[in-house]
Amino acid sequence: METIEERNYYPFGLEHKGYNNIVSASGNATAQKYKFGGKEYQEELGLDWYDVSARNYDPALGRWMNLDPLAEMMRRHSSL
């Protein structure tokens, strides 16, 4: 079995730099957009966020970049 791509991450999702260079020509560009946790990595405008459904996650900070749209409806389960 051929290794198509290897990625290593810190606990909050930031990718390790320097040794994640194994990328095979067998992989496709669409599949390589989905990284940590199977979420789509947004590189547009240099944001470097993950698109996690209704919110965006910044792995460099380990923080969500916007409020949960259902936070008001789920006050018991929300940190707001």
Side-chain angles (χ1 to χ4, degrees):
M1 185 170 190
E2 179 188 2
T3 301
I4 295 175
E5 184 174 18
E6 178 184 351
R7 297 284 174 195
N8 297 289
Y9 298 96
Y10 290 104
F12 292 109
L14 188 63
E15 185 178 340
H16 288 199
K17 298 292 181 191
Y19 60 91
N20 285 323
N21 301 329
I22 299 174
V23 178
S24 171
S26 300
N28 62 32
T30 304
Q32 291 174 359
K33 290 174 72 175
Y34 295 90
K35 298 188 180 220
F36 181 72
K39 302 302 179 185
E40 185 176 359
Y41 191 63
Q42 303 289 319
E43 295 178 296
E44 297 86 18
L45 305 173
L47 295 176
D48 300 330
W49 291 349
Y50 287 100
D51 180 15
V52 183
S53 301
R55 297 191 286 174
N56 296 309
Y57 179 73
D58 186 352
L61 299 175
R63 303 268 190 252
W64 297 101
M65 301 312 293
N66 45 359
L67 295 175
D68 184 353
L70 298 177
E72 287 294 320
M73 295 174 60
M74 303 291 281
R75 287 181 172 233
R76 183 175 184 190
H77 304 288
S78 177
S79 60
L80 295 178

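Remark: Arg55 CZ to Asn66 CG distance equals 7.5 Å, nearest 0.5 Å. Distance CE/Met65 to CG/Asp58: 5.0 Å, rounded to 0.5 Å. Tyr50 OH to Leu14 CG: the interatomic distance, rounded to the nearest 0.5 Å, is 8.0 Å. Distance NZ/Lys39 to CG/Asn56: 12.0 Å, rounded to 0.5 Å.
Every residue two or more places apart in sequence or in another chain was checked for a ring pair (Phe, Tyr, Trp, His ring centres under 6.0 Å) with Phe12, and none qualifies.
Looking at heavy atoms from C-beta onward, Val52 lies in side-chain contact with Trp64 at the 4.5 angstrom threshold.
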* Asked: Could you walk me through whether Asp48 and Gln42 pass the side-chain contact (heavy atoms from CB on, under 4.5 Å) check?
  -> CA-CA 5 Å; Asp48 300 330; Gln42 303 289 319; over 6 Å; no
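Taking the six-membered ring wherever Trp is involved, the centroid distance between the rings of His16 and Tyr10 falls below 6.0 Å.
Remark: side-chain polar atoms of Asn8 are not paired, donor with acceptor, to backbone N or O of Glu15 under 3.5 angstrom.
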